[in-house]
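Taking it in order: structure first as structure tokens, then the write-up.
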Amino acid sequence: MHHIRLAQARERDWLFNEVDLREGDKRELEGATGWEWRSAWINALSTTHTLWLAFWEDELAAVFGLRFNDGWASPWMLCTPVFSEVPPLRVMKVTRDMLQNFHSFGLPLYNTVCLQNTEAVSWLKFIGAQFIGDPYKKHSPTLTYQDFELCVNPQH
């Protein structure tokens, strides 16, 4: 039986160069920052306070991060191509577990998502994200972003 395993990242240096992300996640990083995706990835890893890794059959499938700000936190998730191999029920479980983990810090959770990254948008809808305000452009004229909040008890 295959399973997905979560582990808090103790070391992150190996993630800087050894990870390849899904194409949608690369585009989202580039459009949000205006940087080449690997530079944006390194910045995300360097400025995130706590990281969790999701492994599928001992291969890295996803990285979950939480960056603390002044009175709130920014949760994020970026995936490798391996994540596409994880069955949907397992994805649901691991993301629900991570959402509980994010909320355990007791801070409001806000971030932004690229609306063209349909996998990320679907995941956010599944976990009950509340989309805030109007969509807007960042550093790419072809990508549109939307702010969201992850509520403790989402209202559907």
pair [X]-[Y]: side-chain heavy atoms closer than 4.5 Å:
X      : Y      : answer
Asn117 : Glu119 : yes
Leu124 : Leu150 : yes
Asn101 : Phe64  : no
Tyr110 : Ile132 : yes
Lys137 : Thr144 : yes

- Residue list, ring pair (Phe, Tyr, Trp, His ring centres under 6.0 Å) with His49, at least two apart or on another chain: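 In terms of ring pair (Phe, Tyr, Trp, His ring centres under 6.0 Å), with neighbours along the sequence ignored, His49 is linked to Phe68.
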Which pairs of donor and acceptor atoms, one on a side chain in residues 75-89, lie under 3.5 Å apart (sequence neighbours left out)?
| from | atom 1 | to | atom 2 | distance (Å) |
| --- | --- | --- | --- | --- |
| Trp76 | NE1 | Thr48 | OG1 | 2.9 |
| Thr80 | OG1 | Leu60 | O | 2.6 |
| Thr80 | OG1 | Ala61 | O | 3.4 |
| Thr80 | OG1 | Val82 | N | 3.3 |

- Item | Derivation and outcome, side chain to side chain donor-acceptor pair (under 3.5 Å), residues Gln8 and Thr50 | CA-CA 8 Å; Gln8 190 162 10; Thr50 186; 2.7 Å; yes
Roughly how far, to the nearest 0.5 Å, is [atom2] of [Y] from [atom1] of [X]?
X     : Y      : atom1 : atom2 : answer
Leu21 : Arg38  : CG    : CZ    : 7.5 Å
Leu99 : Leu109 : CG    : CG    : 7.5 Å
Asp25 : Glu30  : CG    : CD    : 11.5 Å
Glu28 : Thr33  : CD    : OG1   : 10.5 Å
Arg5  : Trp56  : CZ    : CH2   : 12.5 Å

Are [X] and [Y] connected, step by step, through hydrophobic side chains (Ile, Leu, Val, Met, Phe, Trp, Tyr) whose heavy atoms are closer than 4.5 Å?
X      : Y      : result
Leu66  : Trp72  : no
Trp37  : Tyr145 : no
Leu143 : Leu115 : no
Leu6   : Phe102 : yes
Val19  : Trp35  : no

- Donor-acceptor contact below 3.5 Å, side chain Trp41 vs main chain Leu15: yes
- Query: Backbone N or O of Ala9 within a donor-acceptor pair of the Glu11 side chain at under 3.5 Å?
  - Reply: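 A pair under 3.5 Å: no.
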Identify the two heavy atoms, one from [X] and one from [Y], that lie closest to each other, and give their separation to 0.1 Å.
X      : Y      : result
Gln130 : Cys151 : CG-SG, 3.5 Å
Asp134 : Tyr136 : O-CD2, 3.5 Å
Pro135 : Gln146 : CG-OE1, 3.1 Å

Under the side chain to side chain donor-acceptor pair (under 3.5 Å) rule, collect the residues that match up with [X], sequence neighbours excluded.
X      : result
Trp52  : none
Glu149 : none
Trp123 : Thr95

- Do Lys26 and Glu23 sit within salt-bridge range, that is, some charged N less than 4.0 Å from a carboxylate O? yes
- Residues forming a salt bridge (charged side-chain N to carboxylate O under 4.0 Å, His left out) with Lys138, sequence neighbours excluded: none
